[in-house]
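Excluded from the calculations below are hydrogen atoms, water molecules and symmetry mates; all remaining heavy atoms, backbone and side chain alike, are included.
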Amino acid sequence: MFGNAPWAPLVASAITIVLILVLAVIIRKVAHRLITKVVNRAAEGGSLTSRFRKGAATDGIDALLHERRKQRAETMGSVLKHVASIVIMGTAVLTVLDRLTIPIAPLLTSVGILGVAIGFGAQELVKDFIAGMFMLLEDQYGVGDVIDAGAAVGTVEAVTLRVTRLRDVDGRVWYVRNGTITRIGNESQGWSRAYMDVPVAYDADILGVRVLLEHVGEEIWADPELREAKIVEPPQVFGVEQLSDSSLVFRISVKTLPSQQAAVSREMRLRVKSALDTAGIPMVAGA
C-alpha cells in the first residue's frame with residue numbers, strides 16, 4: 001500500500017527504531033527484575049540459631065547480619081543494574097545510529113578517548129570503587145562490625161562502593177574512602193574472645209588459684225543468661241601466663257558471640273574478684 005510512497009522508507013525506519021527502543025526498555029526491565037530477585041534471595045540467609053543457642057543477643061546479631069547481607073546485596077544489585085542499563089541501552093543507541101546510517105566508528109573512538117581522559121582524571125574515584133567492589137565480594141566487613149580501618153576504629157554504620165562510615169566510641173562519625181584502606185582488623189567476624197589476666201602474689205598456691213579460676217569458669221558457663229546469649233564455649237584457664245619476682249599472672253579466656261567480648265569481660269572481672277576475696281587471695285600489681 002505504501003510501497004511506492006516516497007516517505008515509506010522513513011516510516012519503516014521510524015517503526016524499526018521505535019521497536020528497537022521498546023525492545024531495549026523491555027529487556028532492561030526484565031534484567032532489572034531478575035537482578036532484584038537475585039538480590040532479595042541473597043539478602044536472606046540462615047541465622048545464628050543453627051550454630052549457637054537462641055537468646056536475646058543472637059536476636060540482635062541476627063538482625064545486624066541480615067542488615068549486613070541486605071546492604072551488601074543491594075549495593076551489588078545497584079551496580080549490576082547500572083551495568084545492565086549501560087550495556088542494553090548503549091547497544092540500542094548504537095543500533096539506532098547504524099539504522100540511521102550515521103557512522104559510529106568516529107563516535108566510538110571519541111568515547112574511548114573521553115573514557116581514557118576521565119579515567120586518568122578520576123583515578124582515586126576508580127580506585128575507591130574497585131576496592132569497595134572487592135570488599136563487598138569478599139565480605140571483609142559489614143554493618144554492625146567493629147573494625148580497625150587504620151585511619152579510624154569504630155562500628156560500621158554504612159558501606160557503599162566509595163566510602164565506609166564508622167562511628168567511634170566517642171560518637172564521632174568517620175567517612176573512610178575504600179581506596180585508602182590498606183588493612184582491616186575485624187573484631188566482630190564469626191566470634192570474639194574475652195580474656196582476663198589475674199595477677200596474684202608470687203608465693204600463692206598455684207594449684208589452688210587455678211582450681212578457683214576453673215570454678216569461676218564453670219559458674220559462668222552454667223549461667224543461662226551468659227550461655228544462651230553471649231558465650232560460645234566453656235571458659236578456659238591457661239595457668240601461669242607470666243612470671244616475675246613479685247607476682248604470678250593467670251589468664252582465663254572465653255570465646256564469645258561477635259561484639260560480646262566487652263560485656264563478658266566485665267562479668268568475668270566481677271566474678272573473679274568476688275571469688276578471690278572470698279578465698280582470701282589478694283591481687284597484686286602485675287610485672
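- In this structure, V198 and L213 have side chains that are in contact, with non-hydrogen atoms separated by less than 4.5 Å.
- Counted within 6.0 Å of CZ on R183, heavy atoms from surrounding residues, nucleotides or ligands total more than 12; the atom is thus considered enclosed.
- Salt bridge status for R177 with E124: present, with a side-chain N to carboxylate O gap under 4.0 Å.
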| Test log, rule side-chain contact (heavy atoms from CB on, under 4.5 Å), inputs E218 and W221 | CA-CA 5 Å; E218 292 172 357; W221 181 243; 5.7 Å; no
| field | Candidate pair V254 and V264, rule side-chain contact (heavy atoms from CB on, under 4.5 Å), full reasoning | value | CA-CA 8 Å; V254 57; V264 174; 3.5 Å; yes
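- Two residues are said to be in side-chain contact when any heavy atoms from C-beta on lie closer than 4.5 Å; I15 and V18 fail this criterion.
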| query | Hey, mind stepping through F250 and I206 against side-chain contact (heavy atoms from CB on, under 4.5 Å) and telling me if it holds? | reply | CA-CA 9 Å; F250 291 79; I206 295 179; 3.8 Å; yes
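- Judged purely by distance below 3.5 Å, without hydrogens or angles, the side chains of T36 and K81 pair a donor atom with an acceptor atom.
- Using a 3.5 Å distance cut-off with no hydrogens or angles, the side chains of N186 and D145 do pair a donor with an acceptor.
- In this structure, V173 and R165 have side chains that are in contact, with non-hydrogen atoms separated by less than 4.5 Å.
- Surrounding CZ of F134 are at most 12 heavy atoms belonging to other residues, nucleotides or ligands under 6.0 Å away.
- Between V159 and M135 the shortest side-chain heavy-atom distance falls below 4.5 Å.
- Remark: K230 NZ to S192 OG distance equals 13.0 Å, nearest 0.5 Å.
- Exactly one of E214, E241, M196, R271 qualifies for a side chain to side chain contact (heavy atoms under 4.5 Å, CB included) with I252. That residue is M196.
- For CD of E219, the number of neighbouring non-hydrogen atoms (other residues, nucleotides, ligands) closer than 6.0 Å is greater than 12.
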| message | For L248 and L243: C-alpha separation, side-chain torsions, deciding distance, then whether side-chain contact (heavy atoms from CB on, under 4.5 Å) applies. | response | CA-CA 5 Å; L248 303 173; L243 177 65; 2.9 Å; yes
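- In this structure, I181 CD1 and D128 CG are separated by 9.0 Å, a value rounded to the nearest 0.5 Å.
- A continuous path of hydrophobic side-chain contacts links Y202 to V240 [ILVMFWY only; heavy atoms under 4.5 Å].
- Judged by a 6.0 Å distance limit and a 45° cone about the ring axis, R251 is positioned over the six-membered ring of Y195.
- Between I231 and L257, the closest side-chain pair of non-hydrogen atoms is not below 4.5 Å.
- Note on D197 versus R269: no salt bridge recorded, every NZ/NE/NH1/NH2 to OD/OE distance being 4.0 Å or above.
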| request: Could you please spell out the steps behind the salt bridge (Lys or Arg N to Asp or Glu O under 4.0 Å) verdict for D223 and R227? | output: CA-CA 6 Å; D223 189 333; R227 183 171 178 174; over 6 Å; no
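- A side-chain donor-acceptor contact under 3.5 Å links R28 and S85.
- Contact check for H215 versus V211: no side-chain heavy atoms found under the 4.5 Å cut-off.
- Between R210 and D205 no salt bridge is recorded (no basic side-chain N to carboxylate O distance below 4.0 Å).
- Contact of the L21 side chain with the V25 side chain is not registered, since no non-hydrogen atoms from C-beta on lie closer than 4.5 Å.
- Defined by atom type and a distance below 3.5 Å, a donor-acceptor pair is present between the side-chain atoms of T164 and Y141.
- Just one residue in the list D168, T155, L166, V156 forms a side chain to side chain contact (heavy atoms under 4.5 Å, CB included) with V146, and that residue is T155.
- Side chains of T256 and R193: no donor on one and acceptor on the other come within 3.5 Å.
- Panel note: side chain N178, backbone F129; no donor-acceptor pair is recorded below 3.5 Å.
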